[in-house]
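Lettering of chains follows the sequences in order, A, B, ..., and the numbering in each one begins at 1.
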Protein chains: 2
Amino acid sequence: MRSEDIAKLAGVSRSTVSRVINNYPDIPQKTRDKVLKIIEQYHYEPNTSARVLAGKGTNTIGFFVVSLAEQHNVNRIYQNNYFAPFVDAVIDTANAAGYYVLVHTVYSKEDFVKVKQAFLQKRIDGGIIVGTQKDIDTVRDIGGLGMPLVLIDYDIGEIMEHHLDQNHLAIVNSKDYEGATAAMEYLIGLGHREIGFIAGRLTTFSGRQRAKAYEDALQRHGLPVEEAFRLKGEFLKQNAYDEAIRLIRSGRLPTAIFSANDDMAIAAMEALKEHGVRVPDDVSVIGFDDVPVASQIVPSLSSVRLPIYDMSREAVNKIVGMCEAGLSSFGTSSFPTQLIQRDSCRSLR
Amino acid sequence: MRSEDIAKLAGVSRSTVSRVINNYPDIPQKTRDKVLKIIEQYHYEPNTSARVLAGKGTNTIGFFVVSLAEQHNVNRIYQNNYFAPFVDAVIDTANAAGYYVLVHTVYSKEDFVKVKQAFLQKRIDGGIIVGTQKDIDTVRDIGGLGMPLVLIDYDIGEIMEHHLDQNHLAIVNSKDYEGATAAMEYLIGLGHREIGFIAGRLTTFSGRQRAKAYEDALQRHGLPVEEAFRLKGEFLKQNAYDEAIRLIRSGRLPTAIFSANDDMAIAAMEALKEHGVRVPDDVSVIGFDDVPVASQIVPSLSSVRLPIYDMSREAVNKIVGMCEAGLSSFGTSSFPTQLIQRDSCRSLR
DNA sequence: ATGAAAGCGCTAACAG
DNA sequence: CTGTTAGCGCTTTCAT
């Protein structure tokens, strides 16, 4: 069933059918109804490819989840408590806005060609990327295509510095620095002076912000900076677990550990537990992200809540705005986080 | 940049460019290289809409997640431990097979028109649906379109009974009946005779299978069938929590509870804990799905593991097979489950 | 207010 | 082996 068939059945021309479909104003109600009736009756739906080829948008956005470090992990992002909510929230919001969503995962540099192709082949009107590495090439590559792009968790400084075209680019972040600072102030307020840190991927903006907040807090309060207490977790459970074991074996433990995300905090807690170190009695632990499990484990994990739903909605709104109105809404939206106090931290006072 | 531009630059015709792109055999290496070089050089990518319009496939599959009961829950599927892994596994597998994935959520009957449109508008070559209700209309509607369709968790009996065209339809299930039976046998083997059940949505195939296995097990062992021990959870945490409270207040508890999924089992455990009922000391609990959290809570939850990754891969393989070769691979693939014993069940002997 | 016709970028007979 | 040509189904000037 093509528009021409509808046209014949309704006794009009294809142009008229097209006008009805696209809600052109100068068309009498009578004609409109006549055409609409046939369309209904035959369950006609215009062919998307033809419409796109004739100049319409695809009404589809791409959502790209970048997780380069997890390349060799079979249970990949769905074991990752950070990305899953973004995927769902973006889909929900975009669907509600009448957009289809093409979701693609990026585990390797090569996967990026698929992302680029999605744009270049005109499969999507615009795209959202989450988890981008501090890799200006990639951003320039994709951003240079001149198509609407929203980056979730990216340093606006990078963009400015490299003079990227900002007309179809937007950034959505969370206030990670503030959130991490809140976590540190909380621990310090509880009387902790020896505080360890499990770092995330420093190639991500949030990873760097959280690390910097840790360092700044120590310095601000004149607390000791122990290299041995600084673990490299890369946002991954396994790494955090291994590093925690190493720390335990070293014989010297801090009184508190701030982890750059909950997944790693939980992994570290497992390691501690297995070695007879009690949380929070011996060591306090606080995470980041406030993933659903955080409240379900024992002891429940204190954390910093990330407004993932708000961030996702903002990202979708921005991309839709750019796709439809050609709105060049450059700028960073930064969403506040919230300290969630639970049972994994104890006061030393 | 269009194929014509490439043609000019390479000194050939558009057809030749097309032949190179589509890997036609009868084209000399020299010509091929010449064209390929220009394509590389200009980062040319053929316009998907044009290719599709000219008869090619979209190389895109749709993945539709149906969760009708959660319509009014803001934190929807990403709070759902059952769907999230499917989403990710399908995307991963399809991406690896060179396919793009259009993901859409269905929370209401109206959302189904979006699903139908995705097919009718030729946005996808085929689709996978998970969570379909026992609603043959929907299946007939979508299946009647004549496009490749794979249903995850659906009763093949429904298909047969209604004489649906089976040439482009396949079903992928897990052995829920066997899995639920294993869970029941496990509890019974531990000496439990009063066993409660938290039912899932009986409109889903797995929901019905799990319920039937419960009933059959009781009957087979001549155990009492207490209506009061049969809770209606609809696969939702909140319902399970509320029902558990009701059961506790009734004053009579079974010695064990089999929950049709882990989310509900965990919710029930919370309710029990809040009312001073100890698990597994007072009541043993076993769930289904073996979601990641199951092993992380205290006590760790015994469960039945679902081979989500295998099911997803099979679904993708089937859909890809049907899309590419026009393979009419009708039939049901049914994947075995695995009983996972943890700390939430105790022996009464 | 509506129809005719050109064209979007590509593929696939058909010729040669 | 390669070029010419006719669509694929729709939108959109341009006429009328």
(request) Inspect the contact between B/Arg2 and B/Asp5 and indicate whether a charged nitrogen and a carboxylate oxygen are less than 4.0 angstrom apart. (result) yes
(message) Applying a 4.0 Å non-hydrogen cut-off, can you work out what A/Val12 is touching in the nucleic acid: base, sugar-phosphate, or nothing?
(response) sugar-phosphate
(message) Please report the distance, rounded to the nearest Å, between OH in A/Tyr24 and P in C/dA1.
(response) 15 Å
(request) Please work out if B/Ser3 contacts a base, only the sugar-phosphate, or nothing of the nucleic acid, heavy-atom cut-off 4.0 Å. (result) sugar-phosphate
(message) From the set D/dC1, D/dG3, C/dG9, return the single nucleotide nearest to any side-chain atom of B/Thr16.
(response) D/dG3
(request) Measure from CG on A/Asn22 to C1' on D/dT12 and round the result to the nearest Å. (result) 10 Å
(request) Nearest whole angstrom, please: distance from the P of D/dC10 to the CZ of B/Arg51. (result) 21 Å
(request) Please examine the side chains of B/Ile308 and B/Ser312, heavy atoms only from C-beta on, and report whether any two atoms are closer than 4.5 Å. (result) yes
(request) Could you tell me whether the side chain of B/Ile159 reaches within less than 4.5 Å of the side chain of B/Leu169, counting heavy atoms only? (result) yes
(message) With a sphere of 6.0 Å drawn around CD of A/Gln41, does it hold more than 12 non-hydrogen atoms of other residues, nucleotides or ligands?
(response) yes
(message) Between B/Ser13 and D/dT4, is there a contact of a side-chain N or O with OP1 or OP2 at under 4.0 Å?
(response) no
(request) Among the candidates C/dA12, D/dG9, D/dT12, find the nucleotide nearest to the side-chain atoms of B/Lys56. (result) C/dA12
(request) Give one of base, sugar-phosphate or nothing for A/Ser49, where a contact means two heavy atoms less than 4.0 Å apart. (result) nothing
(request) Quick one: closest heavy-atom pair of A/Arg123 and A/Leu102, and the distance? (result) CB-CD2, 4.3 Å
(request) Report the distance from atom CG of A/Asp5 to atom C1' of D/dC8, rounded to the nearest whole Å. (result) 13 Å
(message) Expressed as a whole number of angstroms, how long is the span from A/Met1:CE to D/dC8:P?
(response) 15 Å
(request) Check the distance between C/dC10's C1' and B/Arg2's CZ and give it to me in whole angstrom. (result) 11 Å
(message) Reading DNA chain D from 5' onward, which residue's closest nucleotide shows up sooner: B/Asp26 or B/Ala50?
(response) B/Asp26
(request) Select from B/Arg19 and B/Leu53 the residue whose nearest nucleotide in DNA chain C is closer to the 5' end of that strand. (result) B/Leu53
(request) Figure out the CD1/C1' separation between B/Ile27 and D/dG3, and round it to whole Å. (result) 12 Å
(request) Starting from P on D/dC10, measure out to CG on B/Leu120 and report it in whole angstrom. (result) 11 Å
(request) Ignoring hydrogens and angles, answer whether the base of D/dT4 and the side-chain atoms of B/Ser15 contain a donor-acceptor pair closer than 3.5 Å. (result) yes
